[in-house]
Structure formats: structure tokens, C-alpha cells
Amino acid sequence: MVIILKKDAPKQDVDKLWHDIETQNIKIHEIIGSHTTIWGLIGDTHKIDMEAIEAREIVETVQRVQEPYKEVNRKFHPEDTVVTVGDTKIGGGNVTVIAGPCSIETEEQIIDTCLQVKAAGANMLRGGAFKPRTSPYSFQGLGDEGLRLFLKAKKATGLPIVTELMSLDHIDLFNDVDIIQVGARNMQNFEMLKELGKCNKPILLKRGLANTIEELLMSAEYIIAGGNTDIILCERGIRTFETQTRNTLDLSAIPVIKTLSHLPILVDPSHATGKYELVEPMSMAAVAAGTDGLIIEVHNNPQKALCDGAQSLTPKRFEKCMEKCAQIGNVMGKRVGTL
Ligand code: PEP
Ligand code: MN
């Protein structure tokens with residue numbers, strides 16, 4: 001349930017209503033905007049008499065929130081959430097670009113690739129140390145050694161880093177990581193989501209391979225319910241009957257999520273398509289559809305990559321992709337990366 005209060009409502013009446021609601025075991029989430037004050041009510045609101053609340057002088061309107069997700073719902077929080085990491089913001093207008101290899105392989109590979117993506121206009125770096133692989137015989141990532149090398153790349157570039165957490169057992173290794181990624185395969189690892197709700201780092205939550213937008217928002221609700229409001233969603237393609245691409249990029253998820261939720265949404269055109277030649281057109285399309293950012297795989301030698309070489313851009317191709325996206329961004333009045 002959402003209560004919108006009238007402007008300039010007398011404090012004593014507001015306090016009285018607050019008290020009357022709280023004594024019914026309901027938590028109130030207050031958002032004070034420039035024009036209105038909105039109260040989001042969380043808990044069993046069925047017993048609340050909507051009409052009696054609406055009858056109070058200080059109340060503008062009362063709405064029931066039908067959707068099962070409450071705190072990530074735009075009705076609760078009409079303004080866009082902007083996640084700030086260092087000097088970079090995600091959400092609220094521009095297109096933030098995160099780029100880097102699928103996996104951290106060697107010191108030379110990660111530092112060289114990261115310096116080149118920075119030069120091409122990326123705001124942040126990506127790289128996997130703990131990799132979710134379909135086969136137990138595939139390269140599983142360098143683990144804590146990979147994180148150590150990634151921190152060197154963070155230092156060399158001065159850019160924030162994003163990397164995937166596969167198990168809560170590793171969380172203590174993530175102290176210097178700027179954004180914790182929850183991969184597609186862990187989107188519904190509810191115990192992990194609950195723990196991340198208690199941590200004070202932004203979470204990049206990727207849509208599961210076969211999950212609906214509502215399920216993605218419910219997973220975000222687990223994190224926000226724990227108190228962590230710094231959540232960034234990511235559309236990374238879903239499984240359909242199509243076999244020409246690794247997954248099917250659901251571009252409509254961008255405007256749909258922007259309508260339903262206040263959280264920023266990124267697009268990962270690399271895992272969505274599986275083919276490097278599709279990354280540039282899909283990145284441009286995502287910018288045109290209103291994405292808050294892109295997360296793109298770039299490798300300094302894709303042919304030798306230990307993971308996802310076929311979908312990785314060379315630094316040169318990434319530079320071109322950035323320029324093309326900046327042209328679309330220009331039309332929309334948005335800055336793409338640092339260009
Ligand atoms: C990744 O971004 O490294 C990754 C494994 O992606 P996803 O979880 O979307 O498959
Ligand atoms: Mn990958």
C-alpha cells in the first residue's frame with residue numbers, strides 16, 4: 001500500500017497517522033520528494049482500512065500495490081535510483097559502460113585489457129575470478145589469485161571493479177571489490193540474496209536464463225528487504241527456441257523494467273548474443289531503448305581467451321562500438337561512458 005500525503009500537512013497529524021499505522025505492525029518506508037511525501041507500507045496491509053486513511057485531511061491518495069514486489073516498485077519510489085561508485089553514477093540519465101574480459105587469466109592480460117578499455121571510454125572494469133561454467137572440466141577462473149590480479153588492474157587504471165560472487169564462503173575476499181555481481185545462475189539463490197541485502201556494497205543482479213522480469217524484480221526485493229538499496233539490474237538474454245544466438249536479448253525488458261521499477265538496468269550484449277559481431281549493433285539498440293548502461297566482454301587476444309572468446313571484442317572493436325553508441329547517446333542527450 002502506498003499513501004501520498006498532501007503538501008504542507010501539519011506535523012502533528014502526520015505523526016498521528018504514522019503512529020496509528022505502526023501500531024498495526026506495519027513498517028513505513030518514507031520518501032520525501034520536492035512536491036510530495038510518499039509512504040510505502042510493508043507488512044500485512046490487508047487489515048488496514050484504506051477509506052478511513054483516505055478520509056484524513058492530510059492524505060492525498062491511497063493506492064494498493066498489487067505487484068508482489070514492493071520496495072523495488074516504482075509506485076513506492078517514483079524517482080530513479082542512482083547508484084554511485086566512486087566518481088561514477090549508474091542510473092539517472094547517462095549510459096555507464098563496464099568492460100573487460102570474461103575471466104581474469106594473467107597479469108598481463110587483465111592489466112593490458114583494462115588500460116585499453118579505459119582509453120576507449122569505459123567507466124568501470126569487469127572480470128571473473130570465480131566462474132560459473134557449465135562443464136566441470138572447463139577453466140573455473142583463478143579464484144582468489146584472480147581477484148589479486150584484478151585489484152592490480154584497479155590500481156593501474158583507477159577504475160572501479162565488478163566481479164561475480166559464486167559462494168558466500170568467498171565474501172571476505174571481496175572487501176576491495178566495488179560492485180558484487182550475482183550471475184544469472186544465482187539469481188534465485190535466495191540465501192545469497194538475503195546476505196547481500198545486509199552488505200554495504202552495490203549489487204549487480206543478472207536476470208536468470210529462464211526467468212521472467214517479475215522473478216528478477218522479486219530477487220531484487222530480497223536484497224532491498226535486507227536494507228541494501230544499491231541494486232543494479234542486468235538483462236543478459238534469456239533462453240528461447242532460437243539457436244542462432246547464445247540467448248535472445250530481451251530489449252523490451254529495458255522499458256518494461258523502467259516502468260515497473262526505479263532500479264537502474266544494464267544490458268549485457270555479450271552473453272545475450274554469444275557472437276562478437278552482434279555486440280555492437282545490440283549495444284546501439286540497447287542505448288536507443290534507454291538502457292542505463294552496458295557490460296561488455298573485451299579481451300586483448302580473444303582467440304586465445306580461456307572463456308567466451310567468440311563473444312569478446314578486441315580493444316579496437318570495443319573502441320568502435322563505443323563511438324557508435326556515443327552517436328546514439330548524442331541523439332538522446334546522454335553521455336556514453338567517458339566519451
Ligand atoms: C558473466 O558476466 O561473467 C557471466 C557468467 O554472465 P551470466 O551470469 O549472465 O551468464
Ligand atoms: Mn563470459
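Note that the numbering runs from 1 along the sequence shown for the chain. For ligands, and for the atoms within them, numbers begin at 1 and follow the listed sequence. These numbers come from the heavy atoms of this one structure, side chains and all, not from hydrogens, waters or symmetry mates. These numbers come from a predicted model, not from an experiment.
- Both Phe130 and Leu193 are assigned to one and the same hydrophobic cluster, defined by single-linkage of ILVMFWY side chains at heavy-atom distances under 4.5 Å.
- In the vicinity of Gly183, heavy-atom distances shorter than 4.0 Å reach the ligand 1 atoms 8 (O).
- For the pair Asp268 and ligand 1, the shortest N or O to N or O distance does not fall below 3.5 Å.
- Note: Arg56 CZ to Asp13 CG = 8.5 Å, rounded to the nearest 0.5 Å.
- Residue-ligand proximity, Lys131 to ligand 1, at heavy-atom distances under 4.0 Å covers atoms 3 (O).
- To the nearest 0.5 Å, atoms CD1 (Ile53) and CE (Met1) are separated by 6.0 Å.
- Taking OG of Ser167 as the reference point, atom CE of Met192 lies at 6.0 Å (rounded to 0.5 Å).
- For the residue pair His170/Asp144, the side-chain donor-acceptor check at 3.5 Å is not satisfied.
- Counting protein heavy atoms only, atom 4 (C) of ligand 1 is closest to His271 NE2, 3.5 Å.
- Ion pairing between a basic and an acidic side chain is recognised when a charged N comes within 4.0 Å of a carboxylate O; Arg317 and Glu280 show no such pairing.
- Those atoms of ligand 1 with a heavy atom of Ala184 less than 4.0 angstrom away are 7 (P), 8 (O), 9 (O).
- Put simply, the side chain of Thr338 reaches to within 4.5 Å of the side chain of Asn123, judged on heavy atoms.
- In terms of protein heavy atoms, atom 6 (O) of ligand 1 is closest to Lys206 NZ, 3.0 Å.
- Considering backbone and side-chain N/O atoms, Glu164 never comes within less than 3.5 Å of an N/O atom of ligand 1.
- Closest approach of Ser103 to Gln109, counting heavy atoms only: O-NE2, 2.9 Å.
- Close contacts between ligand 1 and Pro132 involve ligand atoms 5 (C) [criterion: under 4.0 Å to a heavy atom].
- Within the protein, the N, O or S atoms lying under 2.8 Å from the Mn ion (ligand 2) are Cys102 SG, His271 NE2, Glu297 OE2, Asp308 OD2.
- The closest side-chain heavy-atom distance from Thr259 to Arg74 is not below 4.5 Å.
- Below 3.5 Å of separation, one finds an N or O of Arg236 facing an N or O of ligand 1.
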Given side-chain hydrogen bond (donor to acceptor under 3.5 Å, both in side chains), test Glu105 with His299 step by step and report yes or no.
CA-CA 10 Å; Glu105 299 169 4; His299 194 289; 3.1 Å; yes
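- Using a non-hydrogen distance threshold of 4.0 Å, Arg126 registers as a contact of ligand 1.
- The shortest non-hydrogen separation linking Ile48 to Arg64 is O-NH2, 3.6 Å.
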